[in-house]
Each structure stands twice: as structure tokens, then as C-alpha cells.
Amino acid sequence: MSAQHKTIKAPAAVKTARTSRPEIVETVAEVIADVRTNGDAAVRRWSRKFDNWSPESYRLGPDQLASVVSSVPETVLDDLRFVQQQVRGFAQAQRDSLTDFEVETLPGVFLGQRNIPIGAAGAYVPGGRYPLTASAHMTVLTAKVAGVERVAATTPPDRGAPPPVSIAAMHLAGADEIYVMGGVQAVAALALGTETIDAVDMLAGPGNAYVAEAKRQLFGEVGIDLFAGPTEVLIVADDTADPFVVATDLLSQAEHGPDSPTVLITTSEEVGTRTIAWVDRLLPDLPTGDVAGRAWRDHGEVIVVPTLTTAYELADRYASEHVQILTAEPREALHRMRNYGALFLGDKTCVAYGDKVIGTNHVLPTLGAARYTGGLWVGKYLKTVTYQEIRDAGASARLGEICGRASRIENFEGHARSGDVRAARFGSAPLGWADYAFDQA
């Protein structure tokens, strides 16, 4: 930290590690190996052990699905539909921005690009303490907007039964298959396939440390959205910011987990000290205060800097998942910052909107990954592929001669000969390494 920076609240714990704990790595590897070898039997064994859950079928049939969805109050379904409308609209705008094209780069040489949806996607919707129904919107719905033909969604049981609101969210989002199974066994079943579950091409969705490690170990055999870490928030504030609002917004993200970093960078020491005081006042009455309090104690920071320029530079070094700008001119951050998962501009918006209702995707990079990637979006479910076609004989002959020379510089004789063949067939170049004459007619 520069001498220009004054830390008035430091974290009590070290930063979260980028790697999983050895015991998590070992358990995950054991479960994956078992599912790989034993399929459905392994899924049932681990589901019974971890979730005390062993239904006749983990996939919900039409009658079960209708019964579960009908148990959800209509007001809740209306809210789910509203949020999904926002997510769908933004995802569709993203999809519309991705266009196929074909260009003629030389006379008779045509190069093209296509955006092709993957065939099948798996969506993991977390349960437990925080049933993240919004993750159904972000994973299932975004995949369907991208054009994915088959989306298989799964969520853990809740106290021995399918969780109604999560199931309803997955159904309304357009999931083609809905499973009630959680943890590593669910991720492995979708990634590897079993006797009753077809494998998918990509896995998406947040989860606990075990789910995150499972995705890490399976990456390569199957695509994944992101390597996930704890939820992060960083607020940049000047002297116009309301410390009560700052404190409330910090705690809104601290409640995600005890290892969630919550950082305030401000040009005003008064805003910083008053924010700390408000956090202390708000925590005792917050129902999730036990979790948020640990996150604030162990991973909370308040740093005072001399200028907003310094604040933006420091914020970029954090490369936080969520960056909230509470300043007099919040849109300046659009031009001053480059490293963030999502940017929230001004006090009329907040990170909670992004998590739950506004429409942008909430599956975002953590642990500094915002330096090199954005979050989940419709393009993640598309393969941007290219094609080439040469229609002009002279162009093929010319490229063949150049390919031969370029390839021999690198000692790739086989490549060179493939170019030589075109130079000889479509032009007048000799074929010196084989006794063969092309019919020039």
C-alpha cells in the first residue's frame, strides 16, 4: 500500500487462497472418480451420504414439476417472471450484438465467422442456507437465449424435498430437464453422464467450495463458466457519499459468506470513519449478522486516498467482482477503470440489484480474475468459429507458394507440400518433390 493511502480498517485475516483446501480436493476427486466408474449408483450413494436424499428418480417428471410449481404463491411467480424478463431482455441484446459475417480478404478468398450455440449446458442452482433462485435466471435463461438446445438444471433438496421456488425459477427459465440433487455428485453426473443422465458440454452456476473444486477438476472434459471464489464488493466513494448507504451496501454483500471481502476506498476520512460506525450499529439487528460480521471483521477494509484518480487506480488493482461507485460523477469510472466484474454507478443502483433483479448476469469473476475475464454472458454459450473458402484459382496458387515458403522457414515440410500442391494444380509452379502432373484442364 502506498504511503498516500491511509488504512483506517484493516482485515483481520489473510486473503482468500486461490486453491482449494487439500481435504476438499481429495473428497471431490473421490466422488468424481466414483461417478465416472459407477454412474447412477455412485450419485445415489453420495447423495444419500451428503444430503440424506435418495428418491426413486432425481429427475422431476411432468406431474411432480407441475405439483411443485403450483405450490408457489402466484405473487412469487409474478416476481420471478418480472426478473426473468429483465434478464432475458439484456441477454437478447447481447445475442443480437454478435453477428455472423463473411468478408472477401483477397480476390476470390472468403473468410467467415459464425456463432454456434453449444449443444447442451448444465446449470447448478445452489440451495442450503441461501437458495439462489436468481442463479436459475442467470444460467438457464441465458443459455436458452443463446440458443442452447438442451439445458439440464439441478438444485439440492431442501429438508428432504424439492425446493419449490428454485424449481419454479428453473422451470420458468426454460430448463429442459430438472434434477433435485446437489453437490459434487450432481456436477459430476452432468459433466460425465450416467446411465440416466446425458453429459453436457458446459457447466455454469455458483456453489460452495466443493462445487467450485468439482468444476475445477472437470474443466477440460467439460467447459465451465468461471473458477468461483467468495463474493466480493468494493465501493469507491467521495465526500458526497452517504455513510449509511455505504455501510448498508457493504453488508449486503458481506452476508454472502464469512470469507467475502468488503472494501471501501474513499477520498473522505469522515465518510470512512462514519461508515465503520454505521456498520457496527447495523450488524446487531441484521438477521445474517453472524455471517456478515465475520466477513467484515476478517475481510473488511476501509482505505482513505487523496484523490479519485488514486482511488480508481487502487480499485483496479483489487479487480473486484462488484465495484460500486458512490461519487458526484459516477460515470467517470467507465473511462477510468478497467478491472471489475460488474460496475454499479451512483446511489440509485446497488450490487443487490445486480444480484437479484436488474437483468445483468450475476455470475462474475472473483479472486482477481477480472483482470483477464468478464462474467457469464450469452456469448459463453456460443462457439465463435471460422470458415474459409477460396473460389479463385489464381488466389489459391499464390497462397500455395507463400504457404510453402512460410512453412519451410519453420521446418514444416508437410505443410509446405500441401501448399505446393495448390501452387502446382492451380498455377504454374513446379512440384519438385513428387513425380505427378496435374491436369490443367
Side-chain angles (χ1 to χ4, degrees), residues 1-17 229-286 288-330 332-333 336-337 339-347 349-352 366-368 370-371:
M1 197 73 67
S2 166
Q4 290 183 301
H5 307 155
K6 179 180 179 181
T7 299
I8 58 176
K9 198 285 180 192
V14 297
K15 287 188 176 181
T16 303
T231 294
E232 305 164 348
V233 64
L234 184 149
I235 294 178
V236 174
D238 62 13
D239 59 3
T240 68
D242 184 332
F244 174 79
V245 173
V246 176
T248 301
D249 290 347
L250 287 171
L251 291 177
S252 77
Q253 298 304 297
E255 72 178 357
H256 273 277
D259 51 357
S260 288
T262 50
V263 180
L264 169 62
I265 301 174
T266 179
T267 56
S268 168
E269 185 165 351
E270 181 182 3
V271 168
T273 55
R274 289 178 61 196
T275 295
I276 294 170
W278 268 116
V279 168
D280 292 340
R281 287 177 62 180
L282 293 170
L283 268 172
D285 292 328
L286 183 66
T288 51
D290 57 336
V291 173
R294 288 169 58 193
W296 175 249
R297 178 195 68 201
D298 292 343
H299 302 282
E301 297 180 66
V302 178
I303 303 163
V304 180
V305 295
T307 66
L308 278 175
T309 296
T310 309
Y312 293 136
E313 291 172 353
L314 181 57
D316 261 348
R317 296 216 294 271
Y318 276 83
S320 182
E321 177 187 17
H322 305 104
V323 175
Q324 192 168 348
I325 308 297
L326 299 177
T327 64
E329 300 291 340
E332 283 186 359
R336 306 286 289 276
M337 290 191 64
N339 297 335
Y340 51 85
L343 200 59
F344 301 83
L345 302 175
D347 61 2
T349 188
C350 58
V351 178
T366 58
L367 298 173
R371 292 177 295 109

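Quick note: numbers below take in every heavy atom, side chains included, and nothing from hydrogens, waters or symmetry partners. The shown structure was predicted, so the numbers you read here are calculated from the model rather than taken from an experiment.
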Does the side chain of [X] reach to within under 4.5 Å of the side chain of [Y], using non-hydrogen atoms?
X	Y	value
D249	V351	no
L250	V233	yes
F244	L282	yes
P230	L367	yes

**Prompt:** Are T327 and E332 close enough, and set up right, to give a side-chain contact (heavy atoms from CB on, under 4.5 Å), and what steps lead you there?
**Reply:** CA-CA 9 Å; T327 64; E332 283 186 359; over 6 Å; no
If you compare all heavy atoms of [X] against all heavy atoms of [Y], which two are closest, and at what distance to 0.1 Å?
X	Y	value
I235	V246	CD1-O, 3.9 Å
R281	P284	O-CD, 3.4 Å
A319	A370	O-CB, 3.6 Å
A241	A237	CB-CB, 3.7 Å
L345	T349	O-CG2, 3.2 Å
V236	A311	CG1-CB, 4.0 Å

**Request:** Name the orientation class of the two ring planes belonging to F344 and H322 (parallel below 30°, tilted from 30 to 60°, perpendicular beyond 60°).
**Result:** tilted
**Request:** Give the C-alpha distance, both sets of side-chain angles, the deciding distance and a yes or no for side-chain contact (heavy atoms from CB on, under 4.5 Å) between H299 and S260.
**Result:** CA-CA 7 Å; H299 302 282; S260 288; over 6 Å; no
**Prompt:** For E313, what residues pass the salt bridge (charged side-chain N to carboxylate O under 4.0 Å, His left out) criterion, not counting sequence neighbours?
**Reply:**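 In terms of salt bridge (charged side-chain N to carboxylate O under 4.0 Å, His left out), with neighbours along the sequence ignored, E313 is linked to no residue.
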**Message:** Does W296 form a side-chain contact (heavy atoms from CB on, under 4.5 Å) with D280? I'd like the steps, not just the answer.
**Reply:** CA-CA 10 Å; W296 175 249; D280 292 340; 4.3 Å; yes
**Asked** If you round to the nearest 0.5 Å, how far is CG of L283 from OG1 of T288?
**Response**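 Going from the OG1 atom of T288 to the CG atom of L283 covers 8.5 Å.
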**Message:** Distance check, rounded to the nearest 0.5 Å: K9 atom NZ versus L264 atom CG?
**Reply:** 11.5 Å
**Request:** May I have all residue pairs that pass salt bridge (Lys or Arg N to Asp or Glu O under 4.0 Å) and include part of residues 229-242, sequence neighbours excluded?
**Result:**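 As it turns out, there is no salt bridge (Lys or Arg N to Asp or Glu O under 4.0 Å) pair with a partner in residues 229-242 once direct neighbours are skipped.
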**Message:** Are there over 12 heavy-atom neighbours, none belonging to R336, within less than 6.0 Å of that residue's CZ?
**Reply:** yes
